[in-house]
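Just so it is clear, the structure is predicted and the values come from calculations on it, not from any experiment.
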Amino acid sequence: MESDGHPYAPPKYVMLSHNHGSLRPPPYRRNVPRYPSKRSSRSCCFKFLCCCYCFLLFFTLLLLFLTYLFYTKYKPQIPSYNVDSFSVKAFNMQPDMSLFTEFAVAVKAENPNEHIGFTYGEDSEITISYTGSNLCYGKLPAFHQPRKNTTIINISLAGTSPFGSGLQAALMENRHTGRIPLLVSVHAPVNVVLGDLKLRRLDVYVNCSLVIDNLSPNKKVRILSTKYDYSVGVV
């Protein structure tokens, strides 16, 4: 086909679109939003839990190893306590029907450890009771007991208590048999000392079931039997 004497030449190229060959620009397309995968969040939580468990396992093994080294090197032993002597200074009925008692007790404390000492604090308590009634009270002196040491602790106890008919009857019966049961209860704050290092404080509880032959003032008292119970609490 010719126009004005010039042959018609087709264009070298034509821009086509996907819209059926139309030359109009394609319609606007929205991008679909992408949300984080649940699998990835679960994987992060799982990795965090694994790290926590690994750290806990490592800390536990380290603690067990240090405890093993401590016991292997220092060989700690529990100190022993025994009532060495018991004397009655006063056991008198008062005008108001109360009972005044005063006892003197000597306790032998033995520390068998070669590397460990003990420091006894001031806030101790000692109670002597008879058939559930507290008779008198006292305190341990504050002192330091070095390693491989035996110390005699002298304790004075005094107190006033109601002296009812039940207590009188039980005491008369025990005096007749010559076996008077007493309970000595001790609470003492104790610091373990390793070399020059004072470790954490412990609360030591000792109950001594004691049977003596008499409660007469200024008369020699024989200790017929003793039984000890120990417990330790960490502060």
Side-chain angles (χ1 to χ4, degrees), residues 78-112 118-143 145 149-191 201-235:
I78 299 176
S80 62
Y81 306 93
N82 294 283
V83 177
D84 193 60
S85 66
F86 190 100
S87 60
V88 181
K89 301 298 183 181
F91 195 86
N92 304 324
M93 183 76 69
Q94 303 299 304
D96 60 352
M97 295 301 294
S98 63
L99 180 66
F100 174 74
T101 55
E102 184 179 357
F103 298 148
V105 181
V107 176
K108 182 167 69 173
E110 296 186 63
N111 178 12
F118 299 97
T119 298
Y120 294 82
E122 297 180 351
D123 300 327
S124 62
E125 299 175 354
I126 303 177
T127 304
I128 295 181
S129 58
Y130 172 73
T131 63
S133 299
N134 293 335
L135 298 179
C136 54
Y137 308 88
K139 294 180 63 174
L140 282 172
F143 71 100
Q145 185 177 26
N149 173 267
T150 299
T151 301
I152 301 296
I153 309 170
N154 294 306
I155 308 164
S156 296
L157 303 99
T160 302
S161 58
F163 194 56
S165 58
L167 188 62
Q168 293 182 41
L171 183 59
M172 291 298 295
E173 181 180 354
N174 292 144
R175 278 182 168 177
H176 180 70
T177 60
R179 296 181 64 86
I180 302 173
L182 299 175
L183 177 64
V184 182
S185 301
V186 181
H187 163 232
V190 180
N191 283 97
R201 197 189 89 175
L202 304 175
D203 279 338
V204 178
Y205 300 89
V206 181
N207 286 330
C208 173
S209 299
L210 186 72
V211 178
I212 59 178
D213 65 341
N214 73 87
L215 284 171
S216 300
N218 301 317
K219 183 180 178 180
K220 185 176 181 180
V221 177
R222 288 193 305 121
I223 299 175
L224 303 178
S225 67
T226 55
K227 180 183 178 181
Y228 300 91
D229 293 317
Y230 301 92
S231 63
V232 177
V234 179
V235 178

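Considering every non-hydrogen atom in both Q145 and A109, the closest pair reads NE2-O, 2.9 Å. Taking every heavy atom of both residues into account, C136 and G159 meet most closely at CB-N, 3.5 Å. The two residues P141 and I153 make their nearest non-hydrogen contact at CD-CG2, 3.5 Å. Across all non-hydrogen atoms, the minimal contact from L140 to A188 is CD1-CB, 3.7 Å. Here the shortest heavy-atom pairing between P79 and P112 reads CA-CD, 4.1 Å.
Here the CG-CG distance, from N174 to L182, works out to 9.0 Å after rounding to the nearest 0.5 Å. In this structure, E173 CD and T131 OG1 are separated by 11.0 Å, a value rounded to the nearest 0.5 Å. Between the CG atom of L171 and the CG atom of L99 there is a distance of 8.0 Å, given to the nearest 0.5 Å. One distance of note links NE2 of H187 with CD1 of I126; it measures 11.5 Å at 0.5 Å rounding. A distance of 6.5 Å separates OG of S85 from CD1 of I223, quoted to the nearest 0.5 Å. To the nearest 0.5 Å, atom OH of residue Y137 and atom CG of residue L135 are 8.5 Å apart.
In this structure the side chain of T101 never reaches within 4.5 angstrom of the side chain of I128, judged on heavy atoms. Proximity of D213 to V221: side-chain heavy atoms (C-beta onward) are separated by under 4.5 Å at one or more points. Under the 4.5 Å side-chain criterion, counting only non-hydrogen atoms from C-beta, R175 is not in contact with N214. Within the 4.5 Å cutoff, the side chain of V83 has heavy atoms near those of the V105 side chain. Looking only at side-chain heavy atoms (C-beta outward), Q168 and F163 come within less than 4.5 Å of each other. Side-chain contact check for C208 versus V186: every heavy-atom pair is 4.5 Å or farther apart. Side-chain atoms of P189 and S124, non-hydrogen and from C-beta on, do get closer than 4.5 Å to each other. Counting heavy atoms from C-beta outward, V184 and V107 have side chains that stay 4.5 Å or more apart.
Y130 places a side-chain N or O within donor-acceptor distance of the main-chain N or O of A170, the cut-off being under 3.5 Å. In this structure, K139 contributes its side chain and E122 its backbone to a donor-acceptor pair below 3.5 Å.
Neither side chain, S231 nor D229, offers a donor N or O lying under 3.5 Å from an acceptor on the other.
In this pair, Y120 and Y81 present their aromatic rings perpendicular. The plane angle is above 60°, beyond the 30 to 60° band.
Within a 6.0 Å radius of CD1 in I78, other residues, nucleotides and ligands contribute 12 heavy atoms or fewer.
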Under the side-chain contact (heavy atoms from CB on, under 4.5 Å) criterion, do K108 and T150 qualify, and how do the steps go?
CA-CA 7 Å; K108 182 167 69 173; T150 299; 3.6 Å; yes
Could you go through the side-chain contact (heavy atoms from CB on, under 4.5 Å) check for F103 and I155 one step at a time?
CA-CA 8 Å; F103 298 148; I155 308 164; over 6 Å; no
Take L183 and S129 through the test side-chain contact (heavy atoms from CB on, under 4.5 Å) and record every step on the way to the result.
CA-CA 5 Å; L183 177 64; S129 58; 3.5 Å; yes
Worked check of side-chain contact (heavy atoms from CB on, under 4.5 Å) between V204 and F118
CA-CA 12 Å; V204 178; F118 299 97; over 6 Å; no
